[in-house]
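The block underneath contains the structure these notes are about, expressed in structure tokens.
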Amino acid sequence: MPLQLKCIIVDDEPLARELLKSYVEKTPTLILEEVCESATEAYKALSEKKIDIIFLDINMPMLNGIEFAGLIPKRTRIIYVTAYEQYAVQGFRVNALDYLLKPVSYQEFLSSIGKAVEWFSRQTPAAVESVSESDTITVKSDYRLHRIRLQNIRYIEVQKDRLIFYRTDKDPLSSIMSMKEIEELLPEDSFMRVHRSFIVNMRHVEIMEKGRIVFDKTYIPISESKREEFLSRLNS
């Protein structure tokens, strides 16, 4: 049976609610449970029903979307739909699956639903309740913020002013960041900068050849200054 996701819409703007409602109603994957004008109204709906996705505005009276996130069950994924880009990083620090800027096209909406379907399809009931936000980082690519699970990063390469994230589960992702910026985000116990152009996830290192790390057909050099530390960590 195809996956179906129960959802609610929370927005204090009538036109925004109607637009999202029209999108949900023509998307077979979704089942619309409630349309709410405020976070307090949505809280009541969440306490009465098992909801998979909440389409949530941020700038609302009484209780905004960021504050409300702390009251939402862990299994419920948030897709923020807002006119305020500056809240994006805060949005991804809670259990947000995506962050859409108004006005939202149906194509953008469907892209988010694709992420939701992918996320729910690979979760066991226990895993849905235990997703840890500390196991992810958020990077910007092509005017969108992407949350990446640390365990899925194999290695990172710097190319001019960009970093390329090579992952186990998806295609490479490009982001305008510096090595210093990403090093501050990555846990030192799992990641190591082995060369001026490469950071590797030590958990994914399995093959070495002639002093280089081998990932499929890619050979990553290890700087002389890093070799002793690398071998020590590899053997620990």
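The chain is numbered in sequence order, starting from 1. Computed from a prediction, not measured in an experiment: that's the story for all the values here.
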In sequence, state the C-alpha distance, the side-chain angles, and the governing distance for Glu34 and Ile51, and then conclude on side-chain contact (heavy atoms from CB on, under 4.5 Å).
-> CA-CA 10 Å; Glu34 295 279 349; Ile51 301 299; 6.0 Å; no
Check whether any side-chain heavy atom of [X] sits under 4.5 Å from a side-chain heavy atom of [Y], and report yes or no.
X: Asp57; Y: Lys102; value: yes
X: Ile182; Y: Ile137; value: yes
X: Met192; Y: Val205; value: no
X: Phe191; Y: Leu150; value: yes

Would you say the side-chain atoms of Thr27 and Thr29 include a donor-acceptor pair closer than 3.5 Å?
-> no
Any donor and acceptor pair, going by atom type alone, linking the side chain of Glu157 with main-chain N or O of Ser197 inside 3.5 Å?
-> no
Is a side-chain donor or acceptor of Asn201 paired with a backbone partner of Ile153 at a separation under 3.5 angstrom?
-> yes
Extract all donor-acceptor atom pairs below 3.5 Å that involve side chains of residues 208-216 and protein atoms in other chains or at least two apart in sequence.
from: Asp216; atom 1: OD2; to: Arg154; atom 2: NH1; distance (Å): 2.9

Assign the ring pair Tyr155 / Tyr166 to parallel, tilted or perpendicular, where the plane angle (0 to 90°) is split at 30° and 60°.
-> parallel
Near Lys6 NZ, under 6.0 Å, is it more than 12 heavy atoms from other residues, nucleotides or ligands?
-> no
Glu48, CD atom: more than 12 neighbouring heavy atoms under 6.0 Å |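 Yes, enclosed.
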Result for side chain to side chain contact (heavy atoms under 4.5 Å, CB included) between Phe68 and one of Asn64, Ile66, Ile72 points to Ile72
So does Arg227 pair up with Glu224, basic N to acidic O under 4.0 Å?
-> yes
Can the positive tip of Lys26 be found less than 6.0 Å from the middle of the six-membered ring of Tyr106, inside 45° of the ring normal?
-> yes
